[in-house]
Protein chains: 2
Amino acid sequence: MTSIKDLAQHLGISIGTVSRALNDKLDVKPATRERVLKAAQELGYVPNQAGRSLRQGSTGLVGFVLETSSEGMMQGDLFFIRVFDGMQSVFSEYGLHLMVMMSPSSEKSDAYLEKIVGRRLADALVLSSTRRVDPRIDFLADRKIPFVTLGRSQTDRGQPWLDLDFEGIIADAVDRLHARGHRRIALSLPRPALNLRYVMLDAYREQITRLGLPFNDRLVIETDPGDNGGVALAHHIMEMDDRPSAVIFSDHIHPFGLYRGLADMGMTPGRDLAILGIATRLASLLSPNLTHYRFHLHDLGRRIAQAVIYGLPHLHKEKKPPLIRERVPFTLIEGDSDAEMKG
Amino acid sequence: MTSIKDLAQHLGISIGTVSRALNDKLDVKPATRERVLKAAQELGYVPNQAGRSLRQGSTGLVGFVLETSSEGMMQGDLFFIRVFDGMQSVFSEYGLHLMVMMSPSSEKSDAYLEKIVGRRLADALVLSSTRRVDPRIDFLADRKIPFVTLGRSQTDRGQPWLDLDFEGIIADAVDRLHARGHRRIALSLPRPALNLRYVMLDAYREQITRLGLPFNDRLVIETDPGDNGGVALAHHIMEMDDRPSAVIFSDHIHPFGLYRGLADMGMTPGRDLAILGIATRLASLLSPNLTHYRFHLHDLGRRIAQAVIYGLPHLHKEKKPPLIRERVPFTLIEGDSDAEMKG
DNA sequence: TTGTACGCGTTATCAA
DNA sequence: TTGATAACGCGTACAA
């Protein structure tokens, strides 16, 4: 592997000059610069990142910490790759690389983070599977590592965050079901810890109350993730004494289980139970068509990347970018799974 | 961030001794070692990777190059995260970290690789979306970068590879359909470039011939990836003059499109067309149940990681591991989508 | 058993 | 405009 020294020797000039030429410094003769660039091209020179990192104190890498065995809707595989793609598309403009790292289960995730951070592997981090109280946030803030969370948290250290607009979705979903005659509307939630649970519950309670409906916590149903969770949810609902006529879900795999669970009982989505919630492109595979809320994941990725840039001042171009803390908008895809209340 | 120098000063001993203590060298007094480890713990010392990499020439990172906009069955989102998880579980034993990097579309992927490799970001790489003739393989082999491919290639530089057992699947699928009375069996393939296309086609031709059936290239159908491809495939087949009674697919999303396409035409999988192929856990969401072949992705990931270790001699423990070049086994999940030929 | 000193590849400072 | 040199953090050969 050719180093800058080789390059300098090859050209018969000093290392310093070569470095300046390669880094577009002003004080280098155009002819020299050209010679250097040409030779670099020919010899396939690429600067060694370790040397560079050591000298500059930055690695050019942004780490996305993916928690493998996390619960919650983000568990989904479908979700991330599009987001990553969007992120990288922005990072490329800044010479940054996205580096996805697999963190172990949440108990060990703090130790993991300590390693990553201590070793200075990344200039900035993105956390996902944000928890309501999230020690990772304090950890990174204390160490002054720039970071962004995908998901909000009660642990607020002024960090940028992006999140799905759960409030908007819940409000829209409840309204929509209400307008179609539904009065007993169930809400499916992931198990505690994750912050989105609380966001959704609050939004649900608020909207139910606003519409003058009674809040009934038996209609708030904890559900395991995945299709099995969906099946269980279908059975649970159908076996309730005063069962709801509609359910709002947040795990994009749930509807598949719901459909199957209902089918097992000889029932049909939209006729026997209105179903509505957050899903992905995959939902288009369901029949009857699933009414659902979708996000533009590539855009979300781009937005996350911009939020990361905020924390890396040396990359700011003209003006300082704003602190991003926002919920990304959803799109409603109308289907037949939340038809008018029958009878 | 505390450096080794800080640590040494804090303890009133030399940097060299601290380093030796931390790296478990023999020639350091037990008492000193203990003092050092304790102080390191207290001050939260973690060695800076840039300094280490520069000195040792290795980064402790293994890069998985993910091609965002690749065609072929591997495009799938569902596929990778489990594989990554399996890989990391092995790497952890060796103090390695998996780093997933998003490569741009295949045209630019060589330049991208050049960057990664030149910057010495990773000690070893894993390539996916392997192409039949793949210049990336020559590139890495020429530079003596250890690497593993997920998927085989005609470009053979002696590298380890892992692949799905497409041959086994095709042979089993053709046999199975044949035993159920099917004689006109279609095969859906991804568009050229990717190597798996050729592997599947060869296996198909061989098995068809072995059973004494005529090979008919009109039964080999190029299909776009994703659910849309599946819908198109359903229509294509049903509009053929002498249409096949069965189809084997390789894109795990295809069956969703096939089911929908058939439904559009008032037809049912398993009754009007036998459907059988490679899928994932997601397939359990289809009704009627999809007969399909599945892989244990976590194990595949572990195996890939072991193949990577092969190329990193400094990590070999007792004995040198073997060169891994193998197809991973599949599991058949029996369903109702490939029922007996009717009539 | 410990300390000193060098060098990995790079960039930045300063002098020429 | 260029060259020499220091420094980033670390591991190790060699000297003590």
Side-chain angles (χ1 to χ4, degrees), chain A residues 1-37 39-40 43-61 95 115-123 314-315, chain B residues 1-37 39-40 43-61 95 115-123 314-315:
Chain A
M1 196 83 353
T2 64
S3 73
I4 200 172
K5 199 159 86 182
D6 302 331
L7 203 51
Q9 264 165 7
H10 175 80
L11 288 163
I13 58 180
S14 80
I15 291 181
T17 305
V18 173
S19 174
R20 280 189 306 260
L22 291 171
N23 291 296
D24 261 353
K25 298 294 176 191
L26 305 167
D27 50 359
V28 51
K29 190 161 62 176
T32 313
R33 180 196 318 266
E34 216 157 313
R35 277 210 318 140
V36 171
L37 293 178
L43 301 192
Y45 169 77
V46 183
N48 177 305
Q49 188 58 43
R52 217 176 207 194
S53 300
L54 198 53
R55 177 63 231 224
Q56 322 212 55
S58 68
T59 62
L61 295 175
K115 280 262 176 44
I116 302 264
V117 166
R119 286 168 44 152
R120 305 248 108 173
L121 284 181
D123 296 344
H314 61 286
L315 296 177
Chain B
M1 196 84 352
T2 65
S3 74
I4 200 172
K5 199 159 85 182
D6 302 331
L7 202 52
Q9 265 166 6
H10 175 81
L11 288 163
I13 59 180
S14 79
I15 291 181
T17 305
V18 173
S19 174
R20 280 190 303 260
L22 292 171
N23 291 296
D24 261 351
K25 297 296 176 190
L26 305 167
D27 50 359
V28 51
K29 189 162 63 175
T32 313
R33 183 199 315 277
E34 215 157 315
R35 275 209 322 138
V36 171
L37 293 179
L43 302 192
Y45 170 77
V46 183
N48 177 304
Q49 189 57 43
R52 215 176 208 194
S53 300
L54 200 53
R55 177 66 232 233
Q56 323 214 65
S58 68
T59 62
L61 295 175
K115 279 264 176 45
I116 302 264
V117 167
R119 286 168 44 152
R120 305 247 108 172
L121 283 181
D123 296 344
H314 61 286
L315 296 178

Distances under 3.5 Å between protein N/O atoms and the N/O atoms of nucleotides 14-16 of chain D, please, pair by pair.
none

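Separating the CZ atom of R35(B) from the P atom of dT2(C) is a distance of 9 Å, rounded to the nearest angstrom. Rounded to a whole Å, the CZ atom of R120(B) is 21 Å from the P atom of dC10(D). Rounded to whole angstrom, the span from the CD atom of Q9(B) across to the P atom of dT4(C) amounts to 12 Å. One atom, CG of D6(A), and another, C1' of dC8(C), lie 13 Å apart when rounded to the nearest Å. Taking atom NZ of K5(A) as the reference point, atom P of dT5(D) lies 14 Å away to the nearest angstrom. I4(B) places its CD1 atom 12 Å from the P atom of dG3(C), with the value rounded to the nearest Å. The CD1 atom of I15(A) sits 13 Å away from the C1' atom of dT2(D) (whole-angstrom rounding). The NE2-P distance, from H314(B) to dG11(D), rounds to 14 Å in whole Å.
Summarising the geometry of L54(A) relative to A50(B), their closest heavy-atom pair is N-CB, 3.8 Å, with the distance given to 0.1 Å. Taking all atoms of both residues into account, the shortest heavy-atom contact from T17(A) to I13(A) is CG2-CD1, 4.2 Å. Summarising the geometry of G95(B) relative to R119(A), their closest heavy-atom pair is O-NH1, 4.4 Å, with the distance given to 0.1 Å. For the residue pair K25(A) and R33(A), the shortest heavy atom distance occurs at O-NH2, 3.3 Å. Between L11(A) and A39(A) the shortest heavy-atom distance is CD2-CB, 3.8 Å. When all heavy atoms of H10(B) and L43(B) are compared, the closest pair comes out as CG-CD1, 3.9 Å.
Nearer the 5' end of DNA chain D, as judged by each residue's closest nucleotide, is the contact made by L26(A), out of L26(A) and Y45(B). Residue-to-nucleotide proximity on DNA chain C shows that, of K29(B) and L54(B), the 5′-proximal contact is made by K29(B). A residue-by-residue look at R55(A) and I13(B) shows that I13(B) has its nearest nucleotide of DNA chain C further toward the 5' end.
Set against dT4(C), dG3(D), dG11(D), the side chain of S14(B) has dT4(C) as its closest nucleotide. Nearest nucleotide to the P47(B) side chain, out of dT10(C), dC10(D), dT2(C): dC10(D).
Dashed line: the shortest gap from a side-chain N or O of N48(B) to OP1 or OP2 of dC8(D) is not under 4.0 Å. Proximity of T17(B) to the phosphate of dT2(C): no side-chain N or O atom is located under 4.0 Å from OP1 or OP2. In terms of phosphate contacts, T32(A) brings a side-chain nitrogen or oxygen within less than 4.0 Å of OP1 or OP2 of dT2(D). OP1 or OP2 of dG11(D) has not a single side-chain nitrogen or oxygen of K25(B) nearer than 4.0 Å.
S19(B) comes within 4.0 angstrom of a nucleotide base, judged by non-hydrogen atoms across all strands.
Taken to the nearest 0.5 Å, the CG atom of L121(B) stands 5.5 Å off from the CG atom of L61(A).
Other residues, nucleotides and ligands contribute only 12 or fewer heavy atoms inside 6.0 Å of the CD atom of E34(A).
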